[in-house]
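Take a look at the structure set out below.
Every value quoted in this text rests on a predicted model; they were computed, and no experiment measured them. The sequence lines fix the lettering, A, B, ..., with proteins before strands; numbering per chain opens at 1.
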There are 2 protein chains.
Amino acid sequence: MPDPQRTRGSYAKGIAKREEILERALEVVAREGMRGASVRELADAVGLSQAGLLHYFDSKEELFTEILRKRDEIDLAERLGAGTDVQEGLHRVVRHNSEVPGVVALFSRLSVDAADPQHPAHAFFLERGERLRASIAASFRRRQEAGEIPAAADPEVLARIVQAAADGLQLQWMLDPDLDMADTLDALFVALTRPSEDAS
Amino acid sequence: MPDPQRTRGSYAKGIAKREEILERALEVVAREGMRGASVRELADAVGLSQAGLLHYFDSKEELFTEILRKRDEIDLAERLGAGTDVQEGLHRVVRHNSEVPGVVALFSRLSVDAADPQHPAHAFFLERGERLRASIAASFRRRQEAGEIPAAADPEVLARIVQAAADGLQLQWMLDPDLDMADTLDALFVALTRPSEDAS
DNA sequence: GTCTATATGCTGATAGAC
DNA sequence: GTCTATCAGCATATAGAC
């Protein structure tokens, strides 16, 4: 198991290969979904034997966790610039998600499994959730100061609700792909916004 | 496989037994969670052999689907009276859910699996969602007419959001049981409510 | 109607050759 | 670093005795 910290020596190539595997696996999952979510089928898809693939990851669960981590990395780079507004960024990510049902399925599936504190993805989901909510809450705090959101609302709680809605909409969407997740999430933001005061 | 419609003849006892199995299984799942979610362990828990249990259900998936149906039946009878306000009823159900983590885990797990149209729970989740949203939407419509909710909001969309938030909060709660799902859901209802006009 | 016993197929994981 | 070969475990499902 290569140590991600190491960058010298023979590990460098291993790390590069690992990243390559993850990118490839992410594409496969996005396209093919979770039908062949076994290590064996994923190994075939990325051009390795099952044992060859598991050489890079401790277990199946760790492999899938790392795939999701890679997904976040790409989302951050491609859909969430440093200067992007939170609502806009969220909209873009969710819009993109509706083009990769397999990734949504993997995320949802692992969300459930990771409830077990022993699961390799447990810490990942905890930290990811905190980061996401902190970002959303900060945005709400700014909008609150600008008077766009009622002062009585707790930005942390609103952030929780937005995250929950986003995750829950994925469950609904997997059941019924006609649902537009991005639009519905926008509607939530609108509903949380104080009606403008201009009487016309 | 007993036909649930039949009530005469030798089937009557079979149906009663089936209901008894479901109630017992629900209790087991609520208490022990999904650790022993195999048919074998569930069979042991309800005092049958694996084959004996599968005599009443076509498959494991159908069994779990029926457990959730039984759960809804009990929720409806015990926590959602005919005259109960939707928000209040939802609060009660969610509050109760936080005492049965295993049921929440089963529900979430099956929500994901049921995305597959072939899954026995697919229709169940579709119909359940529609029913739930219709009920929530009707409540919002009434509150809208009473002026408590902005007229511009679409009750159907708001209902979707509430359902999504409820489901998503379960995922967050399984990860971090300190979260109060019922209170957070209440906060959503409050946030969707138009600030009262009384200037003080 | 319920049991025991078993068939069959998959899974993730490992050992060891190269 | 990657492979082939193999393992033990567990799943669902069925056959047939009682």
Side-chain angles (χ1 to χ4, degrees), chain A residues 1-4 6-22 24-25 28-29 32 34-67 106 109-110 113-114 116 118-121, chain B residues 1-4 6-22 24-25 29 32 34-67 106 109-110 112-114 116 118-121:
Chain A
M1 177 63 22
D3 179 345
R6 279 291 286 272
T7 49
R8 292 176 313 159
S10 61
Y11 279 165
K13 193 190 166 195
I15 295 168
K17 175 86 180 184
R18 195 180 135 116
E19 293 304 302
E20 188 196 312
I21 289 172
L22 286 175
R24 185 96 184 75
V28 171
V29 168
E32 315 249 333
M34 285 202 56
R35 233 162 313 160
S38 74
V39 175
R40 213 165 231 111
E41 302 224 26
L42 203 48
D44 288 352
V46 302
L48 281 174
S49 71
Q50 190 230 20
L53 178 53
L54 278 187
H55 171 72
Y56 291 94
F57 306 91
D58 284 337
S59 67
K60 175 199 187 175
E61 292 169 338
E62 199 220 311
L63 164 59
F64 282 129
T65 307
E66 293 306 311
I67 291 177
L106 174 60
R109 158 74 62 126
L110 229 57
D113 294 347
D116 179 357
Q118 302 304 317
H119 194 284
Chain B
M1 176 64 21
D3 179 348
R6 280 289 289 272
T7 49
R8 292 177 312 161
S10 62
Y11 279 166
K13 193 191 169 195
I15 295 168
K17 176 85 180 185
R18 195 181 134 114
E19 294 303 303
E20 187 195 315
I21 290 173
L22 286 176
R24 184 97 184 74
V29 168
E32 316 247 332
M34 288 201 54
R35 232 162 315 160
S38 73
V39 175
R40 204 164 239 108
E41 302 223 26
L42 203 48
D44 289 352
V46 302
L48 282 175
S49 72
Q50 189 231 21
L53 177 54
L54 278 187
H55 170 73
Y56 291 95
F57 305 91
D58 285 335
S59 67
K60 176 198 189 180
E61 291 169 337
E62 199 219 311
L63 164 59
F64 282 130
T65 306
E66 293 306 309
I67 291 178
L106 174 61
R109 160 73 63 127
L110 229 57
V112 175
D113 293 349
D116 179 357
Q118 302 305 316
H119 194 284

Interatomic distance where [atom1] belongs to [X] and [atom2] belongs to [N] [whole Å]:
X: L54(B); N: dG1(C); atom1: CG; atom2: C1'; value: 14 Å
X: E20(B); N: dG1(C); atom1: CD; atom2: P; value: 14 Å
X: H55(B); N: dG16(D); atom1: NE2; atom2: C1'; value: 15 Å
X: F57(B); N: dT12(D); atom1: CZ; atom2: P; value: 14 Å
X: E41(B); N: dT12(D); atom1: CD; atom2: P; value: 11 Å
X: L48(A); N: dA13(C); atom1: CG; atom2: C1'; value: 16 Å
X: E61(B); N: dT12(D); atom1: CD; atom2: P; value: 9 Å

Taking for each residue the nucleotide of DNA chain D with the nearest heavy atom, is it L53(A) or K60(B) whose nucleotide lies nearer the 5' end?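 That would be L53(A).
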Under 4.5 Å between any side-chain heavy atoms of L22(B) and F57(B), yes or no? yes
Interatomic distance, CG@L48(B) vs NZ@K17(B), rounded to 0.5 Å, equals 5.0 Å
Nearest-0.5 Å distance that lies between atom OG1 in T65(B) and atom NZ in K60(B): 11.5 Å
E61(A): side-chain contact (heavy atoms from CB on, under 4.5 Å) partners, not counting sequence neighbours: S59(A), H119(A), P120(A)
Would you please name every residue forming a salt bridge (charged side-chain N to carboxylate O under 4.0 Å, His left out) with D113(B), sequence neighbours left out? R109(A)
Acceptor/donor pairs from residues 34-47 of chain A side chains to any protein atom, 3.5 angstrom cut, sequence neighbours excluded:
{"residue": "R35(A)", "atom": "NH2", "partner": "E32(A)", "partner atom": "O", "Å": "3.2"}
{"residue": "S38(A)", "atom": "OG", "partner": "E41(A)", "partner atom": "N", "Å": "3.3"}

Can you give me the N/O atom pairs linking the protein to nucleotides 5-10 of chain C at distances under 3.5 Å, or say none if there are none?
none

